[in-house]
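Note sheet for the following structure.
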Amino acid sequence: MKQAIIDVLTQALATCRSQGHLPAEVQAEITLDRTRDSKHGDFASNIALVLAKPAKTNPRALAEKIIAALPPTDAIAKVEIAGPGFINFFLKADSVFAVVKTVLAQAEQFGRSTKGAGQRIQVEFVSANPTGPLHVGHGRGAAYGSALASVLNAAGYNVYREYYVNDAGRQMDILAASVWLRYLELCGEEIVFPTNAYKGDYVWDIAATLHRGHANQCRQSWTDIVKTLPADEPQGGDKEDYIDAIIVQMKARLSAADYRKVFDLGLNVILDDIRDDLQRFSVIYDNWYSERSLTETGAVQRALDKLEENKHTYVKDGAVWFRSTDFGDEKDRVLVRDNGQTTYFASDVAYHLDKFERGFDKVVNIWGADHHGYITRVKGALQAMGIDPNRLTVLLVQFAILYQGGNKMQMSTRSGEFITLRELRKEVGSDATRFFYVMRKSEQHLDFDMDLAKSQSSDNPMYYIQYAHARVSSVLRKAEEKGWIYDQANGLANLDLLKEQHEQALLTSLARYPEVIESAAQYYEPHQVTEYLRELAQHFHTYNNAHKFLVDEVDLRNARLSLVLAVKQVVHNGLTILGVSAPESM
RNA sequence: GUCCCGGUAGCUCAGUUGGAUAGAGCAACGGCCUUCUAAGCCGUAGGUCGGGGGUUCGAUUCCCUCUCGGGACACCA
């Protein structure tokens, strides 16, 4: 409907140009908005205000010319000039009612569009290091990324969901060392656990599995090891140096195969746990991409070669640097360390090169807000390799702060004292968790009120929306009890009986849904869907309270049931995009 | 110090990407169940859109500046 009006406006402008009311060189994008006030009709355009100056006339006079040039249309009842020169469009009743027919006919497909034109878009999200269970910070990225992917899919993009597994690098070595030390404790060694090692209980579990399967095979004398180590932090040393020294010892004392065994056990146990966790959170992926594979396939080397070929690297202090300052970065970045090891950044360059080599038109990364400094260098590297950096969009997700009983709950991965996504899910449920995570703009700090998320009352927006869905089902059950059979054909033939204000408001809300999906996709803002659903639910509840659906008059009853069934469908479609269930009863 | 994000009702936040009289939910106050779920609805009150400049027909929205919060600034990942 919106597009249809934009089309006739475009034609009208063309006519104005040919008649000389508008200079041919004056161009403007037509904006058409839903009106806030029904006195202003259904849609309003500010085009006359925008073009008045270049056309050297006043807005109202230009608006008249434009209106006169509008081709006749079935859908529009009347057009008015209002205020300083707005053009207001009033839709015919028939075209307002038509949405019910469309919703019921298209069902799950209602709201889908072809705006994305099948463009291939990759969404990479969560990608947490497999060094421990997902915590509540990752949860927001998971809910947001998953909802965004669904929104893009509904808007006609060909979406590919990916998780980048950081299965290489120092943090993973620290995990392996942490597991090994716990294992040594199980073997009977008396050790002092390092400040910088992973202390969560899950490390004990992994160590126990190792001990069960391999007994004392990987056992080494802690007393011997300690002699080679510098002081740990509590003893006045450096905790980073200390843990690194342990890793060196571990690699020296275990065979390569045994080291890999400990390393992979930790990796696989945790990765399986993450997969399971996300699956229960209704977050699914098309692919899990291994960082380690980038080294193994030579992708990292290829990326480094490409940067070197294009003369964007140099050697200093024994390290290979990327001249990222040429692309707006504050300082140049190391690709290969003086010890010969490539950095995480080098893997990232290779990974992003690979993404575009795989043929995605657009790539979206969802990162924690603490990674914002990386955007410039990654985009710089893309540019340095001859790829348009604008094809990459990085969306930052701020941390969520949990509140329970009015108190802030803190977390920290390394200390082992953190709230896991799993705990949050079990506490407030998957539906409410997902809904609350996407309720706010991603780049905004989120106050996550656990008490509210758990509460089963109208204060809780998720329950409020789900209840609208359940309420329609309840009405249908009631109709059945009364022996009244819903006749959809009859209902659709009598939609013109829906004259109440509440009904008109609902019809407009329903018609807006496809526009909301497109907008949410265009701006990467799934929270537009939560806002919309709350509003739709509110219109429904208000209507429900003011009017009875199950009236004696058959025609009116069928018409109203058709309307509320359409509401139910749209609520279902919207909640599905958000990864939230739509219950039949509550 | 540099760079991001934010400041809208007592609280948590929307605000259709520059439009018409700035909205919602809590909290406060007053109403509505012999009825398809009161897990709901209606009403009242509540504002210098952080301050100050600028851009223009028009600014909560864009630009500059100041201010106050939060965060990021590795040869870690």
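Note that this is a predicted model, so its numbers are computed, not measured. Each chain gets a letter, A, B and so on, in the order the sequences are listed, and its residues count up from 1.
- A/H541 comes within 4.0 angstrom of the backbone, heavy atoms only, and of no base.
- Only the C1' atoms considered, B/C5 is 26 Å distant from B/C26, to the nearest whole Å.
- Put simply, OH on A/Y464 is 12 Å from P on B/A24, counting in whole angstrom units.
- Atom CG of A/N46 and atom C1' of B/U16 are 12 Å apart (whole Å).
- Nucleotides B/G52 and B/A59 are separated by 15 Å at their C1' atoms, to the nearest Å.
- Pairing partner, B/A59: none, since no Watson-Crick or wobble contact has both distances short of 3.5 Å.
- When each of A/V179, A/T131, A/I243 is checked for a side chain to side chain contact (heavy atoms under 4.5 Å, CB included) with A/I174, only A/I243 meets the rule.
- Summarising the base pairing, B/G1 is matched to B/C73 through a Watson-Crick or G-U wobble pair whose two defining distances lie under 3.5 Å.
- To the nearest 0.5 Å, atoms OG (A/S324) and CD (A/E330) are separated by 9.5 Å.
- A donor-acceptor pair under 3.5 Å is absent between the side-chain atoms of A/S581 and the main chain of A/P583, judged by distance alone.
- The CZ-P distance, from A/R440 to B/U8, rounds to 13 Å in whole Å.
- Residue A/K39 is classed as a base contact, given a heavy-atom separation below 4.0 Å to a base.
- Comparing A/Y523 and A/K53, the nucleotide of RNA chain B nearest to each residue sits closer to the 5' end for A/Y523.
- For A/N544 and A/H502, the side-chain atoms include no donor-acceptor pair closer than 3.5 Å.
- A distance cut-off of 5.5 Å between ring centres, combined with a plane angle under 30°, places A/H40 in a stacking arrangement with the base of B/A20.
- Ring-plane geometry between A/W321 and A/Y314 is classed as parallel, the angle between the planes falling under 30 degrees on a 0 to 90 degree scale with a further cut at 60.
- If you check the side chains of A/S509 and A/H539, you find a donor sitting under 3.5 Å from an acceptor.
- When the side-chain nitrogen and oxygen atoms of A/K331 are compared with OP1 and OP2 of B/C75, one or more of them lie within a distance under 4.0 Å.
- Classified by its glycosidic torsion, B/C33 falls in the syn category, the angle being within 90° of 0.
- Among the heavy atoms of the strands lying under 4.0 Å from A/R534 are primed sugar atoms or P, OP1, OP2 only; no base atom is included.
- The phosphate of B/A14 has OP1 or OP2 within less than 4.0 Å of a side-chain N or O from A/Q444.
- A/D370 comes within contact range of the sugar-phosphate backbone alone, with a heavy-atom separation under 4.0 Å but no base atom that close.
- If you take atom P in B/U16 and the same atom in B/C11, they sit 23 Å apart, rounded to whole Å.
- Looking at heavy-atom distances under 4.0 Å, A/R471 makes contact with sugar-phosphate atoms alone, never a base.
- Between the C1' atom of B/C5 and the CD1 atom of A/I366 lies a distance of 17 Å, rounded to the nearest Å.
- Contact annotation: A/R477 does not reach the phosphate of B/C36 (side-chain N/O to OP1 or OP2, under 4.0 Å).
- Residue-level contact check: A/N88 touches the bases, meaning some heavy atom is under 4.0 Å from a base atom.
- The distance from atom CD of A/E525 to atom C1' of B/G15 is 11 Å, rounded to the nearest whole Å.
- Separating the CG atom of A/L335 from the C1' atom of B/C75 is a distance of 10 Å, rounded to the nearest angstrom.
- A/N544 comes within 4.0 angstrom of a nucleotide base, judged by non-hydrogen atoms across all strands.
- Not one side-chain nitrogen or oxygen of A/Q538 sits closer than 4.0 Å to the OP1 or OP2 atom of B/A24.
- Among the protein residues, A/H547 comes within range of the nucleic acid bases, having at least one heavy atom under 4.0 Å from a base atom.
- The number of heavy-atom neighbours closer than 6.0 Å to CD of A/E308, taken from other residues, nucleotides and ligands shown, is 12 or below.
- Comparing B/G30 with B/A45, their C1' atoms are spaced 11 Å from each other, to the whole Å.
- Residue-to-nucleotide contacts include no donor-acceptor pair under 3.5 Å from the side chain of A/R36 to the base of B/U21.
- Look at B/A28: its Watson-Crick or wobble partner, with both distances under 3.5 angstrom, is B/U44.
- Between B/C42 and A/T542, a contact under 4.0 Å exists linking OP1 or OP2 to a side-chain N or O.
- Atom P of B/C49 sits at a distance of 26 Å from the matching atom of B/G43, rounded to the whole Å.
- Sparse packing is recorded around NZ of A/K115, with 12 or fewer heavy atoms of other residues, nucleotides or ligands lying under 6.0 Å away.
- Nucleic acid contact for A/A44: base, since at least one base atom lies under 4.0 Å from a heavy atom of the residue.
- If you take CG of A/D447 and P of B/G7, they are 13 Å apart, rounded to a whole angstrom.
- Backbone-only engagement by A/H527 is indicated by non-hydrogen atom pairs under 4.0 Å involving sugar-phosphate atoms exclusively.
- Rounded to whole Å, the distance from CD on A/E531 to C1' on B/U16 is 12 Å.
- Contact annotation for A/E291: backbone-only contact, meaning every heavy-atom pair under 4.0 Å involves sugar-phosphate atoms and none involves a base.
- With P as the reference atom, B/A28 and B/G10 are 16 Å apart, rounded to whole Å.
- A/E515 comes within 4.0 angstrom of no nucleic acid atom, judged by non-hydrogen atoms across all strands.
- Taking the C1' atom of each, B/U34 and B/C29 are spaced 29 Å apart, rounded to whole Å.
- Taking 90° from 0 as the syn/anti boundary, the base of B/U65 is oriented anti.
- Between A/M439 and A/Y463, the residue whose closest nucleotide on RNA chain B is further toward the 5' end is A/M439.
- Counting only N and O atoms by type, the side chains of A/Y486 and A/S562 include a donor and acceptor under 3.5 Å apart.
- Among the atoms of the strands shown, only primed sugar atoms or phosphate atoms (P, OP1, OP2) are found under 4.0 Å from some heavy atom of A/A168.
- A close approach under 4.0 Å does not occur between any side-chain nitrogen or oxygen of A/K441 and OP1 or OP2 of B/A14.
- For the P atom pair drawn from B/U60 and B/A20, the interatomic distance equals 10 Å after rounding to whole Å.
- B/G6 is paired with B/C68 under the criterion used here, namely a Watson-Crick or G-U wobble arrangement in which both key atom distances are under 3.5 Å.
- Contacts of A/S347 with the nucleic acid, taken as non-hydrogen atoms under 4.0 Å apart, are absent.
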